[in-house]
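Chain identifiers are assigned alphabetically (A, B, ...) following the order of the sequence lines, protein sequences preceding nucleic acid strands; residue numbering begins at 1 within each chain.
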Amino acid sequence: MRLSRYFLPILRETPKEAEIVSHRLMLRAGMIRQESAGIYAWLPLGLRVLNKINAIIREEQTRAGAIECLMPTIQPADLWRESGRYDAYGKEMLRIADRHDREMLYGPTNEEMITEIFRASVRSYKDLPLNLFHIQWKFRDEVRPRFGVMRSREFLMKDAYSFDLTAEAGRHSYNKMFVAYLRTFARMGLTAIPMAAESGPIGGNSHEFIILASTGESEVFCHKDFLSFAPPPASVDFDDAAGLQGIVDKWTSRYAATSEMHDATAFATVPEEARVAARGIEVGHIFYFGTKYSEPMKAVVNGPDGKEVVVQMGSYGIGPSRLVAAIIEASHDDNGVIWPESVAPFHVGVADLKVGDQATGKVCAALIEQLENAGLDVLHEDRDERPGAKFATLDLIGLPWQVLVGPKGLAEGRVEVKQRRTGERELLAPDDAVTRIVAAIRPGRA
RNA sequence: CGGGGUAUAGCGCAGCCUGGUAGCGCGGAAGUUUUGGGUACUUCAGGUCGCAGGUUCGAAUCCUGCUGCCCCGACCA
């Protein structure tokens, strides 16, 4: 992608409303634009990151046996009357009327709808277990939206819903998502800690997945062992119920709680040097709520004995749009964002330091071709700007690797390879620069 | 939902008190500069002064009402 032909509206000055670093950087890097309180347009660079996050979520959900579908944003009110939540949900639900004055709503979540879909088609225990997920925009009319996409009214959510015949099978489904979440966040470079949580209006047992960040909205307390636990490997067998339970047991074996669930007495039994009291950002929340919806909405299957059984359910949410901000909170410096390679909008920025110069232009073209052939996303910084402006732009948008191609280095047959995270620079021949970067990002392909 | 603030060019702001028809920096365009960490200079373009009423010969400025946005608190699958 040529930057001169791209749409990247960078701001040199910080808009005054942006209070936290992720909001400031997302605005400055041209990732989002606010259209109304808590409602944002995703500009090309921001959308690339959002899509990469979604791709990781999809892979891990699929690995854990969940199946993707897509439900609508607009739902009929009657569905919510069945569960009793139409009145219970309150003002956070955006209620609308269509031209026939039918009561509709913009979905804040989808338990009712998925239950309706399930009961319409599933009749037998043989079709269980079943876990359906989708990634869809939600709207919750927050009293006070703030912090950019961290706490917005319209936001993207991955929500999965599991259906099982027995509570034991339901526990297994819950554990699948628990383990999938550990892997999902780890792949984005985040250390997410599962914490026992209050379940709120959805009801039942639940865990919140929290990443530690000074700008987090919740106060959290945990054992510092969590910071060094290795995430489950890709080879984990999701059908091995005992194995999964072992992983979940390990990740719930130490003290971890948000302020609502905090038990100071229990926390005091943690050795003082292992106590972590910090602020955190909720990036995922999983619930096991049994028959809370299946009972009133009559989601039943025939069991092996021919009798009707009300199914056991759970729901599992991740906020991809919030994750974009959360990753920035966890990974940035004074110059801008530092993207983990797995979610970076582009892996590499190739900067032509003297646009119009034949030699630099030729080397840039060759570098880009080789990097793209190796499967990397490359941004060509080909704007007619001073080198300083290019360096500042690339640092701001946080691409993990920069290749700087200028006449001075080229006179020696060298280009400069800079790693955004460490600031480490190496002067290499162009071919070696490609090898170096490809080896770092795609170890198997160098 | 309570409290506070604010609204003037894409962004950051001045002008308002003391009414006379809008300005600065950045950004944008054209040009000079040919540059290795947001360069300097010249010229230019860009504004229903949030909206609606009122006072006045005259309103960005004074008065009234409304709305948007921001901050603090409460709230928050």
What contact category does [X] fall into here, base, sugar-phosphate, or nothing, at under 4.0 angstrom with non-hydrogen atoms?
{"X": "A/Leu353", "answer": "base"}
{"X": "A/Asp159", "answer": "nothing"}
{"X": "A/Lys390", "answer": "nothing"}

[Y] ring center within less than 6.0 Å of [X] ring center:
{"X": "A/Phe178", "Y": "A/Phe209", "answer": "yes"}
{"X": "A/Trp80", "Y": "A/Tyr89", "answer": "yes"}
{"X": "A/His380", "Y": "A/Tyr6", "answer": "no"}

When the [atom1] atoms of [N] and [M] are considered, how many whole Å apart are they?
{"N": "B/U34", "M": "B/A40", "atom1": "P", "result": "16 Å"}
{"N": "B/C63", "M": "B/C16", "atom1": "P", "result": "14 Å"}
{"N": "B/G2", "M": "B/A59", "atom1": "P", "result": "36 Å"}
{"N": "B/C72", "M": "B/A30", "atom1": "C1'", "result": "48 Å"}
{"N": "B/G15", "M": "B/A22", "atom1": "C1'", "result": "8 Å"}
{"N": "B/U48", "M": "B/A60", "atom1": "C1'", "result": "12 Å"}
{"N": "B/U55", "M": "B/G65", "atom1": "C1'", "result": "15 Å"}
{"N": "B/G31", "M": "B/C13", "atom1": "P", "result": "33 Å"}

Could you give the [atom1]-to-[atom2] distance, from [X] to [N], as a whole number of Å?
{"X": "A/Glu385", "N": "B/A40", "atom1": "CD", "atom2": "P", "result": "13 Å"}
{"X": "A/Asp333", "N": "B/G37", "atom1": "CG", "atom2": "C1'", "result": "14 Å"}
{"X": "A/Arg383", "N": "B/G28", "atom1": "CZ", "atom2": "C1'", "result": "14 Å"}
{"X": "A/Ile10", "N": "B/G12", "atom1": "CD1", "atom2": "C1'", "result": "18 Å"}
{"X": "A/Asn335", "N": "B/G37", "atom1": "CG", "atom2": "C1'", "result": "10 Å"}
{"X": "A/Leu396", "N": "B/G27", "atom1": "CG", "atom2": "P", "result": "15 Å"}
{"X": "A/Leu43", "N": "B/C11", "atom1": "CG", "atom2": "P", "result": "13 Å"}
{"X": "A/Lys354", "N": "B/U33", "atom1": "NZ", "atom2": "C1'", "result": "13 Å"}

A/Phe221 ring centre to A/Arg275 NZ or CZ under 6.0 Å, with the angle to the axis within 45°? no
Pairing partner (Watson-Crick or G-U wobble, both distances under 3.5 angstrom) of [N]:
{"N": "B/G2", "answer": "B/C72"}
{"N": "B/C26", "answer": "B/G10"}
{"N": "B/C66", "answer": "B/G50"}

Does anything in residues 402-427 of chain A come within less than 4.0 Å of RNA chain B? Heavy atoms only, and list the residues if so. A/Gly406, A/Pro407, A/Lys408, A/Gly409, A/Glu416, A/Lys418, A/Arg425
Using 0.5 Å steps for rounding, measure from the CH2 atom of A/Trp401 to the CG atom of A/Leu371. 11.0 Å
Would you indicate whether [X], at its atom [atom1], is surrounded by more than 12 heavy atoms from other residues, nucleotides or ligands within a distance under 6.0 Å?
{"X": "A/Gln358", "atom1": "CD", "value": "no"}
{"X": "A/Glu68", "atom1": "CD", "value": "yes"}
{"X": "A/Lys91", "atom1": "NZ", "value": "no"}

Between the protein and nucleotides 66-71 of chain B, list every N/O to N/O distance that falls short of 3.5 Å.
residue, atom, partner, partner atom, Å
B/C69, OP1, A/Ser36, OG, 3.1
B/C69, OP1, A/Ala37, N, 2.9
B/C69, O3', A/Gln34, NE2, 3.3
B/C70, OP1, A/Gln34, NE2, 3.2

Do we see a donor-acceptor contact under 3.5 Å between the side chains of A/Glu111 and A/Thr109? yes
Assert: residue with more 5' nearest nucleotide on RNA chain B, out of A/Met157 and A/Val143, is A/Val143
Let me spell it out: for each of A/Pro387 and A/Leu11, pick the nucleotide of RNA chain B with the closest heavy atom. Which residue's pick is nearer the 5' end? A/Leu11
Could you tell me whether A/Arg119 and A/Glu82 make a salt bridge, using a distance below 4.0 angstrom between a side-chain N and a carboxylate O? yes
With under 30° as parallel and over 60° as perpendicular, where do the rings of A/Trp251 and A/Phe229 fit, or are they tilted in between? perpendicular
